[in-house]
Number of protein chains: 2
Amino acid sequence: MQTAASEPIDGVFRALADPTRRRVIERLGRSAASASELAAPFDMTLQSFSEHLKALEDAGLVTSRKKGRVRTYSLAPKGLQVVEDWLSAQRTLWEQRLDQLDDYLVKLKETRS
Amino acid sequence: MQTAASEPIDGVFRALADPTRRRVIERLGRSAASASELAAPFDMTLQSFSEHLKALEDAGLVTSRKKGRVRTYSLAPKGLQVVEDWLSAQRTLWEQRLDQLDDYLVKLKETRS
DNA sequence: TAGATACTCAGGTCAATGCCTGAGCATCTA
DNA sequence: TAGATGCTCAGGCATTGACCTGAGTATCTA
């Protein structure tokens with residue numbers, strides 16, 4: 001029913017909608033870390049926490065490499081770019097809008113009856 | 001279980017995670033519009049569509065005023081600001097990170113065994 | 001090589017989401 | 001003032017999301 005098969009940006013926004021996952025991103029902004037290091041501050045089983053990491057990785061916000069039994073996560077440099085791009089497109093749209101002329105017309109139309 | 005009682009930014013990201021809702025934001029970037037005008041392009045009942053509008057309004061991304069039987073929606077000017085702020089904080093964090101020195105140390109620790 | 005460590009897999013619960021139908025209920029318009 | 005219009009309310013149903021427990025499977029370490 002949706003326009004297209006769930007765009008990648010959906011997953012990015014959905015991933016960022018969760019405070020746990022945002023905190024992971026914030027943490028990784030300081031340095032890379034293993035799954036259990038990342039999980040430590042959270043009152044949650046590692047299994048549950050891993051699903052958050054998976055969500056972040058699926059969204060392209062983080063990457064991971066496994067070395068021995070440890071999986072280390074890092075920020076994906078281009079991860080937040082999609083969001084920045086969408087935001088800046090919105091800003092542009094908004095700004096192009098010759099100082100709310102449209103709004104003025106809409107209000108006019110709405111008032112006139 | 002979560003850190004705090006679901007921060008406002010959660011709702012903003014959740015609202016933006018849905019392509020229908022993002023398209024509404026994009027549309028409103030051009031001009032304000034009524035619920036049914038906004039709904040027209042979507043293959044969905046108005047009732048369902050209204051829930052999307054409610055989600056956007058609850059998130060603070062749009063505002064609405066009702067005049068007669070028509071409810072007109074506009075972009076909330078400060079709506080996307082929270083997201084921009086969060087993103088720029090992340091960018092700052094990332095940049096402060098003296099050219100991946102931390103990553104270097106982590107990799108070192110990871111390799112050395 | 002036994003045991004601890006660091007995940008990983010396979011379920012299962014419960015609440016929230018996204019969509020629907022069927023009724024309203026005010027406003028406008030002819 | 002009857003009928004169309006533009007929303008709004010209530011409920012129901014299927015899917016997804018965020019947790020959990022329990023049970024592996026590699027890897028490291030003593």
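In what follows, chains are A, B, ... by sequence order, proteins preceding strands, each numbered from 1.
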**Q** Excluding sequence neighbours, so at least two apart, what forms side chain to side chain donor-acceptor pair (under 3.5 Å) with K66(A)?
**A**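 Checked K66(A) against side chain to side chain donor-acceptor pair (under 3.5 Å); zero matches.
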
**Q** Would you indicate which nucleotide in dG18(C), dA18(D), dT8(D) comes nearest to any side-chain atom of E51(B)?
**A**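 Nearest nucleotide to the side chain: dG18(C).
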
**Q** Does a side-chain N or O from T45(A) land closer than 4.0 Å to OP1 or OP2 of dC20(D), or not?
**A**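 T45(A) to dC20(D) OP1/OP2: side-chain N or O found under 4.0 Å.
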
**Q** Rounded off to whole Å, could you give me the NZ-to-P distance for the K54(B) and dA16(C) pair?
**A**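 About 14 Å, once rounded to whole Å.
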
**Q** Given axes from five pairs at either end, by how many degrees does the helix from dT1(C)-dA30(D) to dA30(C)-dT1(D) bend, rounded to 10°?
**A**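 Axis-to-axis angle, ends of the helix: 20°.
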
**Q** For nucleotides 22-26 of chain C, tabulate all protein N/O to nucleotide N/O atom pairs closer than 3.5 Å, reporting atom names and distance.
**A**
{"from": "dG22(C)", "atom 1": "O6", "to": "Q47(B)", "atom 2": "NE2", "distance (Å)": "2.8"}

**Q** dG18(C), dA18(D), dC19(D): which one has an atom nearest the side-chain heavy atoms of H52(A)?
**A**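 Nearest nucleotide to the side chain: dC19(D).
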
**Q** For residues V70(B) and S34(B), report the shortest heavy-atom separation together with the two atoms involved.
**A**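 That closest heavy-atom pairing would be CG1-CB, 3.6 Å.
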
**Q** Under the salt bridge (Lys or Arg N to Asp or Glu O under 4.0 Å) rule, collect the residues that match up with E84(A), sequence neighbours excluded.
**A**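 Only R91(B) meet the salt bridge (Lys or Arg N to Asp or Glu O under 4.0 Å) criterion with E84(A).
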
**Q** Using whole Å, report how far CG of L56(A) lies from C1' of dA18(D).
**A**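 Checked: the CG to C1' distance equals 14 Å.
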
**Q** Please report, rounded to the nearest Å, how far the C1' atom of dG18(C) is from the CG atom of D10(A).
**A**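 Atom-to-atom, D10(A) to dG18(C), this comes out as 13 Å.
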
**Q** Under the rule for side chain to side chain donor-acceptor pair (under 3.5 Å), what residues qualify as partners of E57(A), not counting sequence neighbours?
**A**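 Residues passing side chain to side chain donor-acceptor pair (under 3.5 Å) with E57(A): S64(A).
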
**Q** Does K66(A) put a side-chain nitrogen or oxygen below 4.0 Å from OP1 or OP2 of dT8(C)?
**A**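 Yes.
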
**Q** Using atom OH of Y73(A) as one end and atom P of dA6(C) as the other, report the distance to the nearest whole Å.
**A**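 Those two atoms, OH and P, are 14 Å apart.
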
**Q** Using a cut-off of less than 4.0 Å, is there contact between a side-chain N or O of S48(B) and OP1 or OP2 of dC20(C)?
**A**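 Yes, S48(B) has a side-chain N/O under 4.0 Å of OP1/OP2 on dC20(C).
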
**Q** Listed by chain and number, what are the ring pair (Phe, Tyr, Trp, His ring centres under 6.0 Å) partners of Y73(A), not counting sequence neighbours?
**A**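 Per chain and number, Y73(A) pairs via ring pair (Phe, Tyr, Trp, His ring centres under 6.0 Å) with no residue.
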
**Q** Between atom CG in L53(B) and atom P in dC19(C), what is the gap in whole Å?
**A**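 Whole-Å distance recorded here is 12 Å.
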
**Q** Using whole Å, what does the distance between atom P of nucleotide dC20(C) and atom CE of M44(B) come to?
**A**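 The answer, rounded to whole Å, is 6 Å.
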
**Q** Who passes salt bridge (Lys or Arg N to Asp or Glu O under 4.0 Å) against R71(A), sequence neighbours left out?
**A**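 Here no residue qualifies.
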
**Q** Of all the choices, dC19(C), dC20(D), dT8(D), which nucleotide is nearest to the side chain of S50(B) once you look at every atom?
**A**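 The answer is dT8(D).
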
**Q** Round to the nearest Å and state the distance from R71(B) atom CZ to dT5(D) atom P.
**A**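 Nearest whole value for this atom pair: 21 Å.
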
**Q** Can any side-chain N or O of R22(A) pair as donor or acceptor with the backbone N or O of L16(A) at less than 3.5 Å?
**A**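 Yes, the answer is positive, given that a donor and an acceptor are paired below the 3.5 Å cut-off.
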
**Q** Start at the 5' end of DNA chain D and walk down; is the nucleotide closest to R14(A) or to L46(B) reached first?
**A**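 Counting from the 5' end, the first nearest nucleotide belongs to L46(B).
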
**Q** Name all residues meeting the side chain to side chain donor-acceptor pair (under 3.5 Å) criterion together with R69(A); count only those two or more places apart in sequence or in a different chain, and write none if there are none.
**A**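 For R69(A) there are no side chain to side chain donor-acceptor pair (under 3.5 Å) partners, ignoring immediate neighbours.
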
**Q** Output yes when D58(A) and K54(A) qualify as a salt bridge under the 4.0 Å nitrogen-oxygen rule, no when they do not.
**A**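 Salt bridge present between D58(A) and K54(A).
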
**Q** Can you name the residues that form a side chain to side chain donor-acceptor pair (under 3.5 Å) with Q81(A), not counting sequence neighbours?
**A**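 By the side chain to side chain donor-acceptor pair (under 3.5 Å) rule, Q81(A) matches D85(A).
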
**Q** For D18(B) and dT15(D), give me the distance from atom CG to atom P, rounded to whole Å.
**A**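 Interatomic distance, CG of D18(B) to P of dT15(D): 18 Å.
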
